[in-house]
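The structure appears right after this line, and notes come after that.
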Protein chains: 2
Amino acid sequence: MNQHANQKPDYEREMRRAGVRITRPRKIILQILGDTDDHPDAMEIFQRASAIDSSISLSTVYRTMKLLEGMGAIHRHAFDGGRARFEQASGEHHDHLIDIDTGDVIEFHSTKIEALQEEIARELGYDIMHHRLELYCRKRRKG
Amino acid sequence: MNQHANQKPDYEREMRRAGVRITRPRKIILQILGDTDDHPDAMEIFQRASAIDSSISLSTVYRTMKLLEGMGAIHRHAFDGGRARFEQASGEHHDHLIDIDTGDVIEFHSTKIEALQEEIARELGYDIMHHRLELYCRKRRKG
DNA sequence: TTCTTAATGCAAACGATTTGCAATTGCATT
DNA sequence: AATGCAATTGCAAATCGTTTGCATTAAGAA
């Protein structure tokens with residue numbers, strides 16, 4: 001389901017190079033992340049992984065997400081609501097519009113907003129290390 | 001410490017009107033919130049309250065924060081890092097710049113950014129219900 | 001002052017995530 | 001292909017922030 005035409009990064013190669021073992025659970029999780037365009041949480045990933053290999057544990061999902069995050073392979077998001085959600089790090093930076101009714105996430109990017117953010121931080125004497133812009137929305141009813 | 005010259009809202013009156021009892025713990029917590037300009041978390045509020053009346057419990061702090069949030073008296077923020085942080089709701093809408101080294105929070109507002117957000121959501125067919133813009137920053141070293 | 005009920009403190013429950021540990025398994029080595 | 005060992009796993013228990021059940025206390029109306 002991954003429509004991104006961009007070069008799919010070869011995380012297995014990168015992991016090997018980092019001396020990290022390519023295990024069965026990791027292969028499966030990597031495959032799941034590569035096959036989706038949505039922003040699943042650990043439990044969803046765990047369930048999708050369980051369907052492929054029922055012996056995988058939730059701990060391993062969490063540990064793998066942390067590993068991949070450390071490698072820069074995925075991004076972790078703390079949208080409203082309990083669980084962290086993850087997305088593959090391929091592609092450029094973007095912000096998120098969250099449909100509060102469905103949980104759907106739409107990615108967007110605004111160079112103008114980013115520039116304004118930089119300007120604000122600079123005026124306050126700060127450098128932005130990272131930022132978070134989330135629009136919690138409801139579908140506009142036509143009319 | 002509250003520098004806000006704006007009318008300090010009388011939450012006790014409002015609570016009374018809503019049929020909510022003005023208890024000793026609530027008085028103390030309200031006083032703490034009114035006396036600060038920072039964004040304390042529940043534990044900090046609990047500790048400040050304990051210094052005034054050591055019998056206050058953390059549960060009551062949480063319950064009171066929820067009550068006040070429901071009244072619109074405070075806003076709850078989920079900045080990076082475990083705990084929720086609170087601020088008095090007086091004043092206009094603003095976003096936050098968080099100093100990742102000290103945890104300090106600076107409030108700012110950009111009409112331009114807000115307008116751009118609206119534009120983006122509109123183009124995607126959504127109405128913004130609420131949003132979140134947080135800049136995680138480090139003090140610029142002079143040079 | 002009495003009375004009713006909301007509010008409290010405590011401890012236990014909670015949901016998401018992390019961790020200790022013994023058992024397993026990549027994989028570099030023979 | 002067999003060996004060895006550290007990295008990784010699954011499991012259960014622990015952790016962290018927050019919420020909740022319940023018996024007790026105390027607002028505040030009568």
Side-chain angles (χ1 to χ4, degrees), chain A residues 11-32 39-71 73-86 103, chain B residues 11-32 39-71 73-86 103:
Chain A
Y11 293 123
E12 295 207 11
R13 178 177 306 267
E14 193 176 332
M15 288 167 76
R16 205 157 246 130
R17 191 162 42 71
V20 172
R21 291 185 182 170
I22 315 290
T23 64
R24 184 162 160 67
R26 286 177 180 162
K27 263 203 185 75
I28 292 173
I29 291 169
L30 240 14
Q31 176 202 322
I32 289 168
H39 297 63
D41 59 40
M43 186 55 68
E44 283 166 8
I45 294 168
F46 169 63
Q47 285 162 351
R48 295 180 202 180
S50 295
I52 298 172
D53 178 345
S54 65
S55 75
I56 287 174
S57 79
L58 183 55
S59 311
T60 294
V61 172
Y62 276 112
R63 279 190 276 235
T64 302
M65 299 326 279
K66 182 162 289 193
L67 173 74
L68 295 175
E69 192 187 6
M71 289 174 46
I74 60 171
H75 291 311
R76 171 191 304 260
H77 299 295
F79 299 145
D80 282 1
R83 347 231 236 235
R85 297 173 64 173
F86 304 92
Chain B
Y11 292 122
E12 294 206 13
R13 177 177 307 269
E14 193 177 330
M15 287 167 78
R16 204 156 246 129
R17 192 163 41 70
V20 172
R21 291 183 184 174
I22 315 291
T23 64
R24 185 162 158 66
R26 284 177 182 164
K27 264 204 186 75
I28 293 173
I29 291 169
L30 239 15
Q31 176 202 321
I32 289 168
H39 297 63
D41 59 40
M43 186 56 67
E44 284 166 9
I45 294 168
F46 169 63
Q47 284 162 352
R48 294 180 202 179
S50 295
I52 299 172
D53 178 345
S54 66
S55 76
I56 286 173
S57 78
L58 183 54
S59 311
T60 294
V61 172
Y62 275 112
R63 279 191 275 235
T64 302
M65 299 326 280
K66 182 162 288 191
L67 173 75
L68 294 175
E69 191 187 6
M71 288 173 48
I74 61 172
H75 291 310
R76 171 191 304 261
H77 299 295
F79 298 145
D80 281 2
R83 346 230 236 238
R85 297 174 64 173
F86 304 92

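Just the heavy atoms: all of them, side chains too, but no hydrogens, waters or symmetry mates, feed the values below. Just so it is clear: chains get the letters A, B, ... in the order the sequence lines come, proteins before strands, and each one is counted from 1. Everything numeric here is computed off the predicted structure, so don't read it as measured data.
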Round to a whole Å and report the spacing from CD1 of A:I29 to C1' of D:dT8.
12 Å

Looking at the side chain of B:L58, which of D:dC11, C:dA7, D:dT18 is the nearest nucleotide?
D:dT18

Measure CE/A:M65 against P/C:dA16 and give the value in whole Å, please.
16 Å

For A:I56, does its backbone N or O pair with a side-chain atom of A:T60 as donor and acceptor, under 3.5 Å?
no

Rounded to the nearest 0.5 angstrom, the CG-CE distance for A:L67 and A:M65 is 10.0 Å

Within the side chain of A:S50, is there an N or O that forms a donor-acceptor pair under 3.5 Å with the backbone of A:F46?
yes

d(CZ, B:R63; C1', C:dC14) in whole Å
15 Å

Rounded to the nearest angstrom, tell me the gap between atom OH in B:Y62 and atom P in C:dT8.
16 Å

Are OP1 or OP2 of D:dC11 and a side-chain N or O of A:S57 less than 4.0 angstrom apart?
no

5'-most by nearest nucleotide on DNA chain D - B:I22 or B:A42:
B:A42

Take the angle between the ring planes of B:H75 and B:H77 and call it parallel below 30°, perpendicular above 60°, tilted in between.
tilted

Base of D:dG17, side chain of B:R76 - is there a donor-acceptor contact under 3.5 Å?
no

Tell me which of A:D41 and B:S59 sits closer to the 5' end of DNA chain C, going by the nucleotide each one is nearest to.
B:S59

Trace of the side-chain contact (heavy atoms from CB on, under 4.5 Å) decision for B:R76 with B:R85
CA-CA 6 Å; B:R76 171 191 304 261; B:R85 297 174 64 173; over 6 Å; no

Counting only side-chain nitrogens and oxygens, does B:R16 get under 4.0 Å of the OP1 or OP2 atom of D:dG28?
yes

Grab the two heavy atoms, one from B:A42 and one from B:F86, that are nearest each other, plus how far apart they are.
N-CE1, 4.0 Å

What's the CZ-C1' distance between A:R24 and D:dA7, to the nearest Å?
18 Å

C:dT8, OP1 or OP2 - any side-chain N/O from B:T23 closer than 4.0 Å?
yes

Among D:dT18, D:dG10, D:dG28, find the nucleotide with the atom closest to the side chain of B:R83.
D:dT18

Looking for any heavy atom pair under 4.0 Å, which part of the strands does B:R26 touch: base, sugar-phosphate only, or nothing?
sugar-phosphate

Can you tell me which nucleotide in D:dT9, C:dG9, C:dC27 comes closest to the side chain of B:S55?
C:dG9

Can you tell which of C:dA11, C:dA7, C:dA16 lies closest to the side chain of B:V20?
C:dA7

Figure out the NZ/P separation between B:K66 and C:dT8, and round it to whole Å.
14 Å

A:I56 CD1 - C:dT25 P separation (whole Å):
13 Å

In whole Å, I'd like the distance from the CD1 atom of B:I45 to the P atom of D:dT18.
10 Å

Side chain of B:R21, heavy atoms from C-beta onward: which of D:dT18, C:dA6, D:dT9 has the nearest atom to it?
C:dA6

Please round to 10 degrees the angle between the axis of the first five pairs and the axis of the last five pairs in the helix from C:dT1-D:dA30 to C:dT30-D:dA1.
30°

Between the side chain of A:E44 and the main-chain N/O of A:D41, is any donor-acceptor distance below 3.5 Å?
yes

CZ of B:R26 to CZ of B:R63, rounded to nearest 0.5 Å, is 9.5 Å

